[in-house]
Amino acid sequence: MQIHVEKFGGASVNSAKAVRNVINIIKSEEKKRIIVISAMGKTTNALEKIAKYRYETGKADLASLQSLKDYHNAIITELFPNSESALSAINDIFSSLEQNISSIHYGSYDKLYDSIVSFGEIISTTIVSLYLNAEGIRHKFIMAADIIKTDDCFRSANVDWDATKTAIYNIIMPTFENESLILTQGFIASTNKSEKTTLGREGSDYTAAILAHCINATDCTIWKDVEGLLNADPKRMSHTTKINSLPYEEAVELAYYGATIIHPKTIKPLENRNIPLFVRSFLNPAAKGSVICRTDAIEPPVASYIFKDNQTLLSLYPKDFSFITEANIGNIFEILASHNIKVNLMQNSAVSFSVCFDNTDVLPALIEIFRHKYRTLYNEHLRLMTIRHYTQAEIDSATGSYQILIEQRSRTTAQFLVR
Ligand code: ASP
């Protein structure tokens with residue numbers, strides 16, 4: 001059976017007009033497909049705020065809840081000529097969200113977060129399902145929590161592949177015998193005790209990849225508001241080039257260095273089954289977009305630029321003037337790991353060790369610990385520039401106006417920590 005998986009992100013469903021556009025894309029081709037949808041617009045950010053408020057005060061942030069309700073109700077009113085029943089369905093979901101906020105005692109913030117923030121996708125997919133019905137488009141609406149199974153590492157849950165495959169075989173595959181369209185949520189999953197979990201911010205791409213892997217889909221498509229994969233963030237560089245095709249390995253490298261176009265966990269499940277990943281524009285669905293697949297080279301062969309701002313550089317100098325040794329480095333990394341610091345770049349000399357990581361509130365605590373054995377120096381608000389498949393001319397033009405604090409080059413990758 002040929003099945004296609006397609007994911008529509010928050011921007012693709014952020015208004016009534018946007019929802020209609022998604023439905024037109026779905027209508028334009030008759031094929032067996034699973035549609036994965038994110039929360040509408042900036043809903044997840046708003047729910048994050050609500051979860052934080054509940055955690056810190058024990059109360060519901062009524063004003064934020066009301067504006068979220070107003071936002072969704074306005075979309076419904078515009079979508080449905082007779083909106084009564086859709087408004088009442090969404091109202092019921094908001095009531096259970098409010099009930100959740102007021103009644104449940106959560107063990108941890110992360111658990112509370114998942115049980116509140118997951119409502120964004122439930123609301124968006126319910127609206128889309130009702131609209132599909134109104135348009136007479138047959139589909140089966142399946143809850144992602146019933147098919148994507150994870151451990152209880154809330155906010156960044158790890159997929160239980162065996163349980164997920166079993167659920168998908170039992171629920172999704174029989175459905176495709178009679179239906180050609182399945183609608184579900186991105187980002188949300190559940191534990192074997194049916195507690196809500198989420199896969200991490202922007203995790204809907206990953207949901208699509210999990211589903212595609214488990215059903216051995218023909219392909220997976222991520223619909224975005226850009227024309228495909230670009231070799232740099234257009235907000236940071238005035239001239240960008242669209243990449244037509246990219247090997248899986250290169251996509252993993254780009255995600256590793258901080259490219260934000262695809263959730264980093266998305267590639268591996270697709271690569272394992274040789275499923276091509278298309279990145280296409282929902283604003284221009286006729287255009288070809290980009291594909292990440294099993295191929296030898298990037299086409300066209302261009303350098304890619306990744307910029308990471310808000311970087312801290314911490315340099316440590318042993319106070320006893322001893323050399324930096326494996327034992328020192330091991331100890332430094334233990335301390336960094338215990339503070340959840342992810343190192344973006346590191347470099348050492350005989351008597352110094354420097355690490356670069358995202359700016360963090362725990363910096364004073366880290367310095368306090370390191371101070372006993374090391375003289376410490378640090379700089380904040382730096383930029384880490386990574387250039388893949390560089391030429392010297394490209395490096396010169398990208399770094400020209402900056403002061404370079406650290407520079408590293410391999411055959412394929414050049415990195416510069418600059419200010
Ligand atoms: N709604 C979630 C987020 O904004 C998941 C996603 O959109 O991929 O992070």
Side-chain angles (χ1 to χ4, degrees), residues 5-15 18-19 21-22 34-52 64-65 67-69 71-72 75 90 93-94 97 100 109-129 142-145 147-148 150 153-159 183-190 196-213 220-226 229 251 255 258-270 277-283 292 358:
V5 178
E6 296 177 42
K7 176 251 168 174
F8 290 91
S12 68
V13 287
N14 65 2
S15 66
V19 172
N21 179 52
V22 167
I34 306 181
I35 302 290
V36 174
I37 295 197
S38 301
M40 293 177 156
K42 302 274 176 239
T43 299
T44 304
N45 292 351
L47 287 166
E48 271 188 345
K49 197 170 150 243
I50 290 168
K52 194 155 183 270
S64 300
L65 275 165
S67 63
L68 208 51
K69 220 187 266 187
Y71 167 64
H72 287 95
I75 292 178
I90 296 308
I93 299 176
F94 270 99
L97 167 60
N100 241 353
Y109 173 64
D110 292 348
K111 190 170 175 189
L112 172 145
Y113 176 103
D114 281 356
S115 90
I116 292 176
V117 172
S118 53
F119 272 88
E121 271 71 12
I122 308 271
I123 296 166
S124 66
T125 46
T126 303
I127 295 174
V128 170
S129 175
I142 290 178
M143 292 293 153
I147 45 175
I148 311 282
T150 65
C153 186
F154 297 99
R155 279 187 81 180
S156 175
N158 301 297
V159 175
L183 171 69
T184 193
Q185 300 90 18
F187 183 52
I188 314 180
S190 76
K196 281 271 165 59
T197 54
T198 61
L199 303 173
R201 287 303 307 264
E202 310 293 331
S204 297
D205 291 353
Y206 186 37
T207 304
I210 297 166
L211 290 167
H213 175 96
C220 182
T221 301
I222 306 228
W223 292 93
K224 294 219 154 237
D225 56 0
V226 287
L229 297 167
T260 52
I261 185 112
I262 305 282
H263 187 280
K265 286 183 176 171
T266 307
I267 307 296
K268 201 72 197 139
L270 299 174
L277 174 64
F278 294 97
V279 179
R280 295 178 62 184
S281 166
F282 60 79
L283 300 170
I292 299 170
D358 295 354

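Remember, it's 1-based here, ligands and their atoms both numbered in the order they're listed.
- Remark: distances from the non-hydrogen atoms of G186 to ligand 1 are all 4.0 Å or more.
- Applying the side-chain contact (heavy atoms from CB on, under 4.5 Å) test between V117 and each of L47, L112, T43 identifies L47 as the sole match.
- Closest of all the heavy-atom pairs between R155 and Y113 is CG-CD2, 3.3 Å.
- In terms of protein heavy-atom proximity, atom 3 (C) of ligand 1 is closest to R201 NE, 3.3 Å.
- Here D205 pairs with K7 in a salt bridge; the nearest charged N to carboxylate O distance falls below 4.0 Å.
- The protein non-hydrogen atom at the shortest distance from atom 6 (C) of ligand 1 is S204 OG, 3.2 Å.
- Across T125, I210, T184, a single residue satisfies side-chain contact (heavy atoms from CB on, under 4.5 Å) together with V36, and that is T184.
- Relative to atom 2 (C) of ligand 1, the option among T198, T44, V117, L47 with the closest non-hydrogen atom is T44.
- On a distance-only criterion, E121 and ligand 1 share at least one N/O pair closer than 3.5 Å.
- At a cut-off of 3.5 Å, with distance as the only test, no side-chain donor of S118 or T198 sits close to an acceptor on the other residue.
- Looking at S38, G9, A11 and measuring to atom 7 (O) of ligand 1, the nearest heavy atom belongs to S38.
- Neither the backbone nor the side chain of H263 has a heavy atom within less than 4.0 Å of ligand 1.
- A side-chain contact (heavy atoms from CB on, under 4.5 Å) with I127 is found for one member of V13, I122, I37, I90 and no other, namely I90.
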